[in-house]
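The sequence lines fix the lettering, A, B, ..., with proteins before strands; numbering per chain opens at 1.
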Amino acid sequence: MSNIHHLTPPPRTAYELELEVLSNEAVNGEYRLLVLNAPRGLLERCRAGQFFHLLCPQMGGQAPYLRRPMSIYGFYPEREELHFLYKVTGEGTRALAMLRRGHGLNVLGPLGKPFTIKPEWEQLVLAARGVGLATLAPLALEARRLGKELTAICSARSESVLMSVDLFRHMGANVITLVDEDGSSSVDNVEAVLNTLIDGPGIDAFYTCGSNRLLKLLQKVGTRHGIPGQIALEQQMACGLGMCHCCVRPFRKDGGIVNLRVCREGPVFDIQEAVAW
Amino acid sequence: MSNIHHLTPPPRTAYELELEVLSNEAVNGEYRLLVLNAPRGLLERCRAGQFFHLLCPQMGGQAPYLRRPMSIYGFYPEREELHFLYKVTGEGTRALAMLRRGHGLNVLGPLGKPFTIKPEWEQLVLAARGVGLATLAPLALEARRLGKELTAICSARSESVLMSVDLFRHMGANVITLVDEDGSSSVDNVEAVLNTLIDGPGIDAFYTCGSNRLLKLLQKVGTRHGIPGQIALEQQMACGLGMCHCCVRPFRKDGGIVNLRVCREGPVFDIQEAVAW
Amino acid sequence: MVRLDVDIGALRLKNPIMPASGTFSEDLADVFDLDLLGAHVTKTITRGFRDGNPTPRVCEVGGSMLNSIGIPSKGVGYFLENVVPFYQGYKTPLVVSISGNTADEFAQLCAEVSVPGVDAIEVNISCPNIEEDGKAFAIRPSSTFEVMTKLRRATSLPLWAKLTPNTGETSEVARAAEEAGADALVVANTILSMAIDIRTRKPKLGNLMGGLSGPSLKPIALRMAYQCARATKIPVIGCGGISTVEDAVEFLIAGASAVQVGTATFINPTAMVTMIDDLRHYLEAEGLSSVREIIGTVEDGEQREGIVFMEAAP
Amino acid sequence: MVRLDVDIGALRLKNPIMPASGTFSEDLADVFDLDLLGAHVTKTITRGFRDGNPTPRVCEVGGSMLNSIGIPSKGVGYFLENVVPFYQGYKTPLVVSISGNTADEFAQLCAEVSVPGVDAIEVNISCPNIEEDGKAFAIRPSSTFEVMTKLRRATSLPLWAKLTPNTGETSEVARAAEEAGADALVVANTILSMAIDIRTRKPKLGNLMGGLSGPSLKPIALRMAYQCARATKIPVIGCGGISTVEDAVEFLIAGASAVQVGTATFINPTAMVTMIDDLRHYLEAEGLSSVREIIGTVEDGEQREGIVFMEAAP
Ligand SMILES: Cc1cc2nc3c(=O)[nH]c(=O)nc-3n(C[C@H](O)[C@H](O)[C@H](O)COP(=O)(O)OP(=O)(O)OC[C@H]3O[C@@H](n4cnc5c(N)ncnc54)[C@H](O)[C@@H]3O)c2cc1C
Ligand SMILES: Cc1cc2nc3c(=O)[nH]c(=O)nc-3n(C[C@H](O)[C@H](O)[C@H](O)COP(=O)(O)OP(=O)(O)OC[C@H]3O[C@@H](n4cnc5c(N)ncnc54)[C@H](O)[C@@H]3O)c2cc1C
Ligand SMILES: Cc1cc2nc3c(=O)[nH]c(=O)nc-3n(C[C@H](O)[C@H](O)[C@H](O)COP(=O)(O)O)c2cc1C
Ligand SMILES: Cc1cc2nc3c(=O)[nH]c(=O)nc-3n(C[C@H](O)[C@H](O)[C@H](O)COP(=O)(O)O)c2cc1C
Ligand code: FES
Ligand code: FES
């Protein structure tokens with residue numbers, strides 16, 4: 001048995017907990033908001049961009065097995081509330097949607113690397129589509145806390161699924177909504193919006209997630225104007241902790257391509273290192 | 001492809017049906033009565049001694065996989081009711097116990113060979129213990145319908161778990177109750193009761209099920225007095241239809257021991273052919 | 001109107017759904033018209049009488065089951081006199097499953113069941129045999145080739161070889177069966193397993209060990225069906241954990257030309273009938289006109305060639 | 001106070017619960033104190049750098065999972081400089097899992113990881129290797145004996161051989177490993193499986209096939225653990241689908257001296273900690289004073305001798 005103690009074991013940072021459901025309502029046809037009661041200590045450890053790994057219940061004929069990763073949509077230590085905004089897509093999220101007030105839900109987290117906002121960045125811009133907004137929502141909270149200017153470019157299929165707009169407004173963000181219906185969400189139009197911002201107040205950093213189109217656009221605009229940025233990425237996960245290496249994606253690093261774990265090295269990555277897919 | 005049609009396929013005799021639960025109440029601490037709403041046509045095919053193969057629900061953390069065999073405890077075509085009396089012992093029956101009025105239950109049946117009552121038999125005696133009484137209950141119904149005299153010797157651990165006594169009385173049976181608590185259920189005492197009956201009205205046939213002690217006693221008494229009898233036996237089942245050969249038990253036949261399927265050649269067998277275990 | 005018929009070599013089946021050996025018998029006629037099925041496959045018989053294994057012969061394991069029935073058999077005489085005539089009451093092809101303790105006894109039985117009314121012979125080479133240390137013929141390519149060669153000589157009926165998952169050489173065994181003249185491969189039998197009752201510390205099966213069947217077996221059997229379809233040119237009949245039309249379609253896409261349904265029939269005796277209906281609806285919904293259009297359509301891309309030989313999970 | 005310690009050859013573990021290779025890493029220290037475990041078992045490493053397989057690398061199959069990670073590895077240098085020192089922060093024995101494409105490369109790595117701080121070497125002989133047509137060493141007794149002989153010569157540390165279920169010769173492979181000098185057997189790795197998305201017709205894993213782990217594997221792994229315990233005299237470490245203390249106890253009764261927990265940790269990261277607590281309570285409730293009292297206590301009666309050699313389900 002090895003008895004040499006020259007390194008100190010790392011501190012605990014993630015918790016497996018059974019939390020109580022406070023509510024779980026449809027926000028609109030596709031999205032639902034899950035509100036859990038969580039201990040203040042847990043919520044105080046949460047950061048924008050991190051996620052929880054949810055053990056979706058086996059109920060109503062649904063038998064999800066692996067956990068499902070979900071970004072933190074909101075964390076409110078004072079109200080002891082942890083929020084997730086999710087889209088019902090398959091077995092796990094269908095099971096999630098069946099949770100009712102008073103049910104328990106086993107969660108693991110907070111996990112992953114959060115977004116960073118450097119002290120010198122003043123003008124922040126986030127751009128996201130659909131459920132991707134869930135991931136960026138707590139960034140607005142953080143921006144307000146730090147007294148940063150935030151512009152949220154929210155794009156969606158139609159006006160009716162534009163979520164989080166109120167939330168972003170409520171956080172004092174400057175909200176620009178773009179929808180497919182009227183063509184305002186086209187890449188060209190987003191680029192035009194960005195250029196207007198760059199020419200106006202300026203942009204110190206971009207934040208985005210999920211969409212390949214937006215990634216490519218922000219990489220291009222970022223390179224052209226020397227604007228740094230971060231992207232939150234998704235990949236199928238098993239452990240969520242960094243142990244199984246199933247959640248890798250390729251990144252540009254040191255002149256080559258390396259595989260990094262979305263759950264551990266991410267889910268937030270440097271926007272220029274991300275490889276479009 | 002074989003096109004020779006010299007045999008006619010057999011008629012359908014067993015049905016896979018989703019029935020509605022009417023009630024599912026505890027009869028006492030250990031036993032529960034499950035009442036299902038069933039089509040009259042199905043109930044008219046039922047016979048005393050037959051069983052159904054129940055697809056116990058996957059609920060409340062219970063995940064039974066194979067079906068569970070249950071004797072018909074009562075079948076009432078006029079009321080469209082099918083009754084089962086069961087004891088909660090494991091995963092399947094625990095799941096059964098969770099069924100509530102309005103739930104569905106998938107059943108397969110009626111299955112197996114029923115009891116027979118020969119026209120010349122007038123004095124019938126049934127002897128059983130515990131949940132075994134469930135299997136014999138419909139025999140009392142049948143006996144009454146045929147105008148036979150029936151004596152039911154009901155034995156149990158204690159007075160409080162003596163079930164079916166009212167049912168048997170209600171059917172006009174002559175009921176003798178024996179309990180372990182006061183020692184009245186001892187083999188010697190049962191034998192004394194049987195002898196009294198033989199010396200009195202006489203016994204034309206015995207019916208029993210389940211208990212090894214009773215089997216041996218009735219085989220002995222039957223041999224001594226030339227009284228025929230039948231026994232309903234249990235064995236673990238998969239298909240319940242005769243296909244898988246998992247439910248065999250040994251029987252004395254033609255001077256040797258043969259394996260017979262409890263689900264197909266049984267569950268009712270000649271009492272002298274049964275091998276005590 | 002979509003077409004459900006498929007060909008297993010020279011034998012045309014009206015649909016690709018049939019029972020798996022040992023999970024079907026005349027008795028199922030109690031529940032539905034057996035002429036709805038694509039084929040009838042009998043329980044494996046041996047030449048002589050066999051009693052089978054001690055009870056308990058089955059047990060549950062986490063949503064699947066183990067069995068160790070031990071192939072009780074009334075012998076070939078009873079079978080020819082009683083079972084074959086029964087199925088002549090139907091228009092559906094009859095497939096007789098046989099096994100033997102030695103290759104010669106096996107071949108003799110194969111000749112004996114090659115009678116009118118029998119449309120194909122499924123040879124259960126997944127059973128322990130005394131010539132190979134109690135191992136199944138289908139564990140090794142060499143013993144597979146030997147026994148299949150003898151069986152091939154014994155009959156002119158279509159010969160289906162039923163393979164075992166208890167091997168590290170599925171592709172090689174499949175090719176050995178093909179080379180020896182098998183007309184089709186049935187993939188697969190159960191995988192050797194065990195369960196212990198921790199309360200009594202007794203094995204849950206009277207025979208200690210038994211075969212795992214049902215949903216847990218599906219990913220293993222699917223992998224084997226895919227390997228066999230890639231490794232040979234003869235039709236593959238998928239078998240293992242199939243309980244819904246989605247499962248059946250998964251095997252067809254992987255390369256199976258038909259499927260056998262076993263344990264699912266114990267859970268829902270009408271499972272096969274439901275599956276035939278659902279298959280029709282599935283094809284209609286996909287806008288296809290024949291089930292043949294989905295067979296072997298898995299998009300395996302570049303991996304296709306390399307992987308067939310790889311037996312170990314990384 | 002019940003005793004949970006067990007001996008794996010010369011190595012004493014404070015309890016019989018440890019992680020399975022590839023389902024554990026330094027990262028789990030985020031969730032609980034890793035010194036609670038009986039041993040630390042690292043992810044398999046190779047000598048050189050390996051990228052691993054294309055994504056998706058995992059998928060669900062009916063209450064279990066498939067994986068095809070492909071053993072990404074940063075190579076032995078990184079491992080010795082970073083991983084070994086990390087575990088020196090703990091009092092728990094460190095077991096290093098290694099693999100190689102050829103027996104010689106494998107043996108060389110075995111020598112290289114025989115450093116202070118490493119308490120045992122688990123050799124993952126269940127991986128495809130290029131000398132055997134891409135088959136795992138542990139598929140055949142002969143290749144097992146050969147590679148284990150080389151590995152034995154390469155180190156004086158305790159050597160644990162991790163076996164594969166992708167074989168029809170478990171007992172023979174186990175004996176070959178013992179004869180070549182293995183100190184313990186880890187039973188077992190994942191079984192090769194496949195799943196297809198019927199909507200896209202694509203395999204659900206980027207690598208087409210992968211290994212089945214989780215509850216579905218349990219009855220197969222339990223059978224193998226029993227066979228290995230009967231076929232050899234060296235300790236067996238059970239692995240496969242263990243997620244509750246009941247599962248662990250089932251393996252111990254079957255003859256395992258300790259168990260490894262894999263996929264269950266993905267579902268409940270604290271599963272092993274819960275299992276250790278529950279094991280203590282179980283033993284107390286059974287009135288036992290040491291976990292050793294249940295090891296190998298399966299009541300297998302007469303079947304015991306005959307069955308070890310039987311690989312096929314009847
Ligand atoms: C870090 C991270 C944060 C996320 N945050 C959110 C969020 O806030 N709101 C939201 O609606 N969704 C979010 N997702 C996606 C969410 O995890 C998937 O929608 C969900 O796992 C789908 O599960 P399912 O069983 O309903 O679908 P199925 O398609 O049945 O899932 C099958 C398997 O694929 C995996 N899977 C499917 N889609 C994804 C995906 N997009 N990303 C990762 N794994 C996937 C599932 O976890 C499961 O293992 C996030 C994903 C990641 C990686
Ligand atoms: C023909 C027949 C009629 C029966 N009638 C009744 C009845 O009317 N009322 C009643 O309470 N019980 C009856 N039983 C017993 C009943 O089937 C079992 O109690 C029940 O299957 C237990 O299931 P479980 O999951 O609760 O128990 P578990 O012990 O968890 O069951 C595990 C497995 O063993 C089987 N099993 C366990 N006990 C028995 C048993 N005694 N007989 C057959 N299989 C068993 C189960 O079906 C299951 O496959 C009858 C059995 C048979 C064969
Ligand atoms: C109770 C039972 C008995 C079986 N008997 C036989 C048999 O006699 N011959 C045979 O080839 N396979 C036999 N099998 C295996 C099945 O035919 C089939 O290969 C296996 O069960 C996998 O399919 P499933 O998961 O759909 O059940 C039997 C399976 C079960 C469950
Ligand atoms: C994601 C994943 C990665 C694995 N990687 C390895 C590995 O690198 N080396 C190894 O020997 N086994 C590996 N295994 C197999 C496990 O160690 C274990 O043998 C198997 O998963 C069965 O146990 P379980 O059912 O408890 O998971 C891996 C399993 C999984 C699920
Ligand atoms: S999910 Fe396991 S390493 Fe990321
Ligand atoms: S339960 Fe299948 S034959 Fe009796």
dist Met243(B):CE -> Ile69(C):CD1 (nearest 0.5 Å) comes out at 11.5 Å

Pair count under 4.5 Å, heavy atoms only, with chain B: among Gly214(C), Pro72(C), Ser64(C), highest is Ser64(C)

Minimal heavy-atom distance between Gln236(B) and Cys59(C), with the atoms involved, is NE2-CA, 4.1 Å

Whatever's closer than 4.5 Å to a heavy atom in chain C on Arg264(B) counts as side chain

Tell me whether Arg101(B) at atom CZ has more than 12 heavy atoms from other residues, nucleotides or ligands lying less than 6.0 Å away. no

Shortest non-hydrogen pair, Arg57(C) vs His245(B), comes out as NH1-O, 2.6 Å

- Task: Would you indicate whether Lys202(C), at its atom NZ, is surrounded by more than 12 heavy atoms from other residues, nucleotides or ligands within a distance under 6.0 Å?
- Result: no

So CG of Leu66(C) and SG of Cys246(B): to nearest 0.5 Å the spacing works out to 12.5 Å

Of the listed Thr23(C), Leu28(C), Asp30(C), the one with the largest count of heavy-atom pairs under 4.5 Å with chain B is Asp30(C)

CD1 of Ile257(B) to CG of Asp51(C), rounded to nearest 0.5 Å, is 10.0 Å

When rounded to the nearest 0.5 Å, the distance separating CG of Asp33(C) from CZ of Arg12(B) is 9.5 Å

Less than 4.5 Å apart, side chain to side chain, heavy atoms only: is that true for Thr274(C) and Glu16(B)? no

4.5 Å side-chain heavy-atom contact, Asn268(C) and Arg67(B): yes

If one checks every heavy atom of Gln58(B) against chain C at 4.5 Å, the contacting part turns out to be neither

Under 4.5 Å to a heavy atom of chain C? For Leu241(B) that would be both

Scanning both residues in full, the closest heavy-atom pair of Ser25(C) with Gly242(B) reads OG-O, 4.0 Å

Note: Met65(C) and Leu66(B) closest approach over all heavy atoms is SD-CD2, 3.8 Å

Checked Pro269(C), Pro19(C), Ala120(C), Ala39(C) vs chain B; the most non-hydrogen pairs under 4.5 Å come from Pro269(C)

Shortest non-hydrogen pair, Tyr65(B) vs Ile267(C), comes out as O-CD1, 3.2 Å

